[in-house]
Amino acid sequence: MKYESFTELKEDCLKCEKCPLATTRTQVVFGVGNENADILFVGEGPGENEDLQGEPFVGKAGQLLDKYLQVIDLDRKKNIYIANIVKCRPPKNRDPEATEQDSCIEWLRCQTRLIKPKIIVCLGRISAQKLISEDFKVTRQHGEFIKKGNIYFMGTFHPAALLRNPGNKPDALSDFQALREKIKELNIEI
Ligand code: URA
């Protein structure tokens, strides 16, 4: 699929019925932020609050994400874009199945082609395994930058996982600080 504009892309995505999640969703959660951002954050899939409000990361995990972003002067309303691997909520917040991820990933690819980010931050295992490598281990590889094509990828802890395991918060903070350094190194204006 080739889209020239975000408006067209979003219009089609909101009508998507490519997988069974379309039958249980309240609404498609397309993404939020600056469509010209150099930094793209990718989570796993909408939860209950996101499904109801139509925006990624608006629940407790999202509030924690916003705090980490603020520490390094990033802001979803200003200089980043946030999307998910799957755009519709998996029932009871289960992991999105491989078939659902495969049905949905083209929407993210189209978003990525239009945004043209220099850095993609994968929030959690599902996102990192889909976008970086199949066997990505967050506990071992978090904070590492891997260049694929013209884009630097980095995987870090999912904020919901940090709420369950607060012991990983210092490591997550250092990943965000490493991101800040990478932004400087690449002369990205934020
Ligand atoms: N978790 C995710 O991975 N994405 C969201 O949008 C919300 C919670």
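In each ligand, atom 1 is the first atom listed, and ligand 1 is the first ligand listed. Everything numeric in this text was worked out from a predicted model, so none of it was measured.
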Need the ligand 1 atom indices (1-based, order shown) with element for anything under 4.0 Å from a heavy-atom of [X].
{"X": "G43", "result": "3 (O)"}
{"X": "E44", "result": "2 (C), 3 (O)"}
{"X": "P56", "result": "6 (O)"}

[atom] - nearest protein heavy atom and its distance:
{"atom": "atom 5 (C) of ligand 1", "value": "G45 O, 3.4 Å"}
{"atom": "atom 4 (N) of ligand 1", "value": "N84 OD1, 2.8 Å"}
{"atom": "atom 1 (N) of ligand 1", "value": "H158 NE2, 3.2 Å"}

message: Strictly below 4.0 Å, N to O, side chains only: are R125 and D95 in salt-bridge contact?
response: yes

- request: In plain terms, say whether D51 and R25 are close enough for a salt bridge, that is, a side-chain N and a carboxylate O under 4.0 Å apart.
  value: no

message: For a quick test of reading the model, state the closest non-hydrogen atom pair linking I72 to I190 and the distance between them.
response: O-CD1, 4.0 Å

statement: On a heavy-atom basis, the closest approach of C122 and F153 is SG-CD2, 4.5 Å

query: Of E35, E4, E106, which is the lone residue that meets salt bridge (Lys or Arg N to Asp or Glu O under 4.0 Å) with R113?
result: E106

query: Per the salt bridge (Lys or Arg N to Asp or Glu O under 4.0 Å) rule, which among R94, K87, K130, K18 passes with E100?
result: R94

field: Within reach of ligand 1, part of E50 (heavy-atom separation under 4.0 Å)
entry: side chain

Geometric N/O contact F57 with ligand 1, under 3.5 angstrom: yes

